[in-house]
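Within every chain, numbering begins at 1; the chains are lettered A, B, ... in the order of the sequence lines, protein sequences first and strands thereafter.
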There are 2 protein chains.
Amino acid sequence: MFDPIEKLKEFIRHQSISADSTAKAGMQGAQQFVADLLKSFGFAVESVTTALHPIIFAQRGGDPSWPHVVIYGHYDVQPADPLALWKTPAFEPTIIGNRIYGRGAADNKGPLMTNIAAVAQLLEQHPNLPLRITFLIEGEEEMGSPSFPKFLETYADKLREADFVFLSDTALPNEQQVVITAGLRGLALFDVHLTGAKGDLHSGLHGGVLRNPIQALAEILATLHTPEGRVNVPGFYDDVLDVEPWERDELKKLGADEKAYADFLGIDTFYTTPGFSPFESVRFQPTLEFNGIGGGYQGEGTKTVIPSKAFAKISCRLVPNQEPDKIKKLVMDAIRARTPKGIKLEFVDQHKGDPYVVVPPGRSNTPVDQSPVLAKAFRATDAAVTTVWGRPPLYLREGGSVPIIADIKHTTGLDSVMFGLFLPEDNLHAPNESFNLDVMRKGIETTRRILASVAGVTA
Amino acid sequence: MFDPIEKLKEFIRHQSISADSTAKAGMQGAQQFVADLLKSFGFAVESVTTALHPIIFAQRGGDPSWPHVVIYGHYDVQPADPLALWKTPAFEPTIIGNRIYGRGAADNKGPLMTNIAAVAQLLEQHPNLPLRITFLIEGEEEMGSPSFPKFLETYADKLREADFVFLSDTALPNEQQVVITAGLRGLALFDVHLTGAKGDLHSGLHGGVLRNPIQALAEILATLHTPEGRVNVPGFYDDVLDVEPWERDELKKLGADEKAYADFLGIDTFYTTPGFSPFESVRFQPTLEFNGIGGGYQGEGTKTVIPSKAFAKISCRLVPNQEPDKIKKLVMDAIRARTPKGIKLEFVDQHKGDPYVVVPPGRSNTPVDQSPVLAKAFRATDAAVTTVWGRPPLYLREGGSVPIIADIKHTTGLDSVMFGLFLPEDNLHAPNESFNLDVMRKGIETTRRILASVAGVTA
């Protein structure tokens, strides 16, 4: 059996930045590393070619009556810049105390290695383990998984043979409390471009005769929220599912501290959907955010210009059962209706992702139609977490988005058990990313127990 | 006698962008070029050191009984960006048809060269010309002339010896009709900076709990105008003088075509102060414009961030008798009062300028106290324009600002004869700036005749 921490170090050294076209060697290296590792304990590894970075599809087959788990992960990482802010080299894994530092340590190389190591240990323990396992490890997660939908179409039939998806690419609130992510928000993104005069104009010679597109943009954007904090677009909330009482109860058990959260953000007042606490709002409510705005002169000093153009980048986070295309249309229609005369409007469509929710067995008041293996996997997770961490997990929706989880559900019907392993202090997507090695050790033990239980063998 | 067009080319090649600290060589080159040119036909040139860019103060003295004209201009230009939109290189003067293209061609290098050439020709014709001439050519006009007030204080006594100021840094409505600018708008500029959270945030993990500073900025800016087009700031219009009947009559003579103006701007609807035509609005009414806006991610694709900061650049054009400091305070107070909780507000003050008005002899219904030489200069201008252009000039206020004109008036009592030379199609402050060479030729002839007449010699 290999040493998971040594293998993680090796994995981190591959500079697998998917968005960086100069990082091809690192991408190929990381992909080869994972493929070789999975082969070393018996997996049949297929490298599925895509338009960009291959997807690793590795299978341990078996009797069709055995349960079948798909373990998802990704071998690509975010860019490491600004490099000057790293205290240790970004791609030279460095252990300090109980943490391993390096780009990708927490997102997703450490958690993925946790799951791989758990499988390897379990197979060493039970060479004839009655469990079919498929690793599905992509290389474009940090780019928004552009090749994934096409892959899904082609591999849908193979995936439909499985019972559930298992992954560790979500968060723990703290080292003591495991959270199983019971839902993710969806996404709908587009840009708004406004044009006034056909070119930039001198604000003295022409100021006072036409509507400035920055003014028009401000006037439009200002209509998109109510003063109280709701999105002010007709129909926006129509499909939002009510929060179930068990979800609010579960969140209360988390015991999160609003004052500490405000301090972390550096704000002195929250601004949430009315009727929702900050911790509820971020999980249970949709948003309409402005991710960027630009127009006219942005340099030092002044330039007295009436710009021809201005734009904003808008993203909505969606909750079940909002549909990204429908929300895009509603917001675009509202913007169109609110664009004043004399201003030309154009939209640039960006990507999207469906929201996702999965209900753990026995929680909902309303009956849920769920596969027995999925239910078994949830119960196994509950028991394993309770044994290893000393307290049961919480089942909470999260504010972030992992669009492929909803894509898998829509295409294959498979639900996901999301066993979070990274901590808020792990600095994901930022300099000095790290992964807690105690969490890794407990994670390996937990995953091993979960899979053993699903297979019906002793852990 | 030098060739004015060749000299203008040489002038344009100096990249004299006063606001760009990397353009020092261009600034020094342009200053030296003007100084050498004025020396070449007998001026005593002084380069007056300022905190930033020197002011050229060049004199041709003479008998104290001779009339004395101060000719104003500036050797600095606006930044040339966005460079990609230029069809010819911004700093390589290019003649196409009857136009010379290049940054500064019309603002102010072409018009300034017109006046310099007229003086050179007149002095060649009348070496003993009974006229004292002072060139006052600054290098910070495009930055708001920050060093000018201090210069004015020091040189006030020397300037008080003069009778009037003459300049060509205003506009012609079209190639046939000369306008003598009888008034200018003032300026009040500042930036608004808003801060939400202490750093950029992931819009999934934290979206829905705080007010995005872009949203706050849009909501504040959207309150600053009424839907009808008035500035929505209490007290903003309190000090605005009523328009005199002769001014509206003079504007009617211009016979400007609204349809043609809309086509020129590329808009299908005007948006003016209610009760004012576009041509009146731009001359007689103040504005509040947004010259730039920025915040968050502005690149290609998406970045799902809640930015920490957003900003806007605001400029107000002012009319007599609005005071810039008072207007800045009114607008800042309104913004402060409209900034929501949870958002930190900071202002960065920029420059300012008073509005200006001068009444040509015999126009106003109310008597005006005016110096005899100024009145003579206005009559000489009327006659010279009528001779060279075939019709008399109109006397109109303009929408633009030349703040130093009001400063000179306040400090020294001198009024200005503003002989406009750039055309609406000259693209000032924009890509593909150009200057009409036919206008330049007629301009030289007109200025020569005006100065000859003020001096009392034959033209």
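For A:Glu398, the part lying near chain B is the side chain, with the backbone staying farther off; criterion is any non-hydrogen pair under 4.5 Å. Looking at B:Ala430, the atoms closer than 4.5 Å to chain A (heavy atoms on both sides) all sit in the side chain, from C-beta outward. Heavy atoms of B:Arg211 lying under 4.5 Å from chain A belong to its backbone as well as its side chain. Contact of A:Phe264 with chain B is made through backbone and side chain together, with heavy-atom distances under 4.5 Å. In this structure, chain A has a heavy atom under 4.5 Å from the backbone of B:Asp263, while its side chain stays farther away. If you measure heavy-atom distances from B:Glu300 to chain A, the contacts under 4.5 Å come from the backbone alone. Proximity to chain B (any heavy atom under 4.5 Å) is shown, for A:Phe190, by neither the backbone nor the side chain. Neither the backbone nor the side chain of B:Phe276 comes within less than 4.5 Å of any heavy atom in chain A. For B:Phe284, no part lies under 4.5 angstrom from a heavy atom of chain A. For B:Pro227, the part sitting under 4.5 Å from any heavy atom of chain A is the backbone (N, CA, C, O) and nothing else. For chain B, the nearby part of A:Leu201 is the side chain; its heavy atoms alone come within less than 4.5 Å. For chain B, the nearby parts of A:Ile293 are the backbone and the side chain; heavy atoms of each come within less than 4.5 Å. Of the two parts of B:Leu210, the backbone and the side chain both hold a non-hydrogen atom closer than 4.5 Å to a non-hydrogen atom of chain A. Contacts of A:Thr272 with chain B are made by both backbone and side-chain atoms, with heavy-atom separations under 4.5 Å. Using a 4.5 Å cut-off between heavy atoms, A:Glu280 makes no contact with chain B at all. Neither the backbone nor the side chain of A:Ser401 has a heavy atom closer than 4.5 Å to any heavy atom of chain B.
A donor-acceptor pair under 3.5 Å is absent between the side-chain atoms of A:Asp191 and the main chain of A:Phe311, judged by distance alone. The closest donor-acceptor contact from the side chain of A:Thr195 to the backbone of A:Lys309 lies at 3.5 Å or more, if one exists at all. In terms of modelled atom types and a separation under 3.5 Å, the side chain of B:Ser281 and the main chain of A:Gly208 share a donor-acceptor contact. In this structure a side-chain-to-backbone donor-acceptor pair under 3.5 Å is missing from B:Tyr237 to B:Gln285. When atom types are taken as modelled, the side chain of B:Glu140 and the backbone of B:His53 share a donor-acceptor pair closer than 3.5 angstrom. With A:Arg185 contributing its side chain and B:Gly207 its backbone, the two residues share a donor-acceptor pair below 3.5 Å. Of the possible donor and acceptor atoms, one in the side chain of B:Lys313 sits under 3.5 Å from a partner among the backbone N and O of A:Gly299. No side-chain donor-acceptor contact under 3.5 Å links B:Lys352 to the backbone of B:Pro403.
Contact tally against chain B (heavy-atom pairs below 4.5 Å) for A:Thr269, A:Leu205, A:Thr287, A:Asp268: the top residue is A:Leu205. Contact count versus chain B (heavy atoms, under 4.5 Å) is highest, among A:Gly199, A:Gly296, A:Gly294, for A:Gly294. Highest contact tally toward chain A, considering only B:Ser277, B:Ser203, B:Ser315, is held by B:Ser203 [criterion: heavy-atom pairs under 4.5 Å]. With chain B as the partner, the residue from A:Val305, A:Leu224, A:Leu189, A:Leu187 showing the most heavy-atom pairs under 4.5 Å is A:Val305. Your options are B:Ala171, B:Gly301, B:Pro307, and the one with the most heavy-atom pairs under 4.5 Å with chain A is B:Gly301. Of the listed residues A:Gly399, A:Ala218, A:Gly229, A:Pro286, the one with more heavy-atom pairs under 4.5 angstrom with chain B than any other is A:Ala218. Counting heavy-atom pairs closer than 4.5 Å to chain B, the top-ranked of the candidates A:Ile306, A:Thr273, A:Leu217, A:Thr302 is A:Thr302. Most heavy-atom pairs under 4.5 Å with chain B, from the set A:Ile220, A:Leu221, A:Asn212: that is A:Asn212.
Considering CD1 of A:Ile214 and CD of B:Glu289, their distance stands at 9.0 Å, rounded to 0.5 Å. Here the CG atom belonging to B:Leu52 is positioned 11.0 Å from the OG atom belonging to B:Ser145, to the nearest 0.5 angstrom. One finds the NZ atom of B:Lys303 at 10.5 Å from the CG atom of A:Asn291 (value rounded to the nearest 0.5 Å). Atom-to-atom distance recorded for A:Asn432:CG and A:Asp426:CG is 12.0 Å, nearest 0.5 angstrom. For the atom pair B:His206 NE2 and A:Arg317 CZ, the distance stands at 11.0 Å (nearest 0.5 Å).
Residues satisfying the salt bridge (charged side-chain N to carboxylate O under 4.0 Å, His left out) criterion with B:Arg397, sequence neighbours excluded, are B:Glu247. Listed by chain and residue number, B:Arg103 satisfy the salt bridge (charged side-chain N to carboxylate O under 4.0 Å, His left out) test with B:Glu433 (two or more places apart in sequence, or in another chain). Remark: B:Asp349 pairs with B:Lys328 by the side chain to side chain donor-acceptor pair (under 3.5 Å) rule, at least two apart or across chains.
Using non-hydrogen atoms only and a strict 4.5 Å limit, the part of residues 340-348 of chain A facing chain B consists of A:Lys341, A:Gly342, A:Lys344.
Ring pair A:His225/A:Phe236: centre-to-centre distance not below 6.0 Å.
For the residue pair A:Asp200 and B:His429, no side-chain donor N or O sits within less than 3.5 Å of a side-chain acceptor on the partner.
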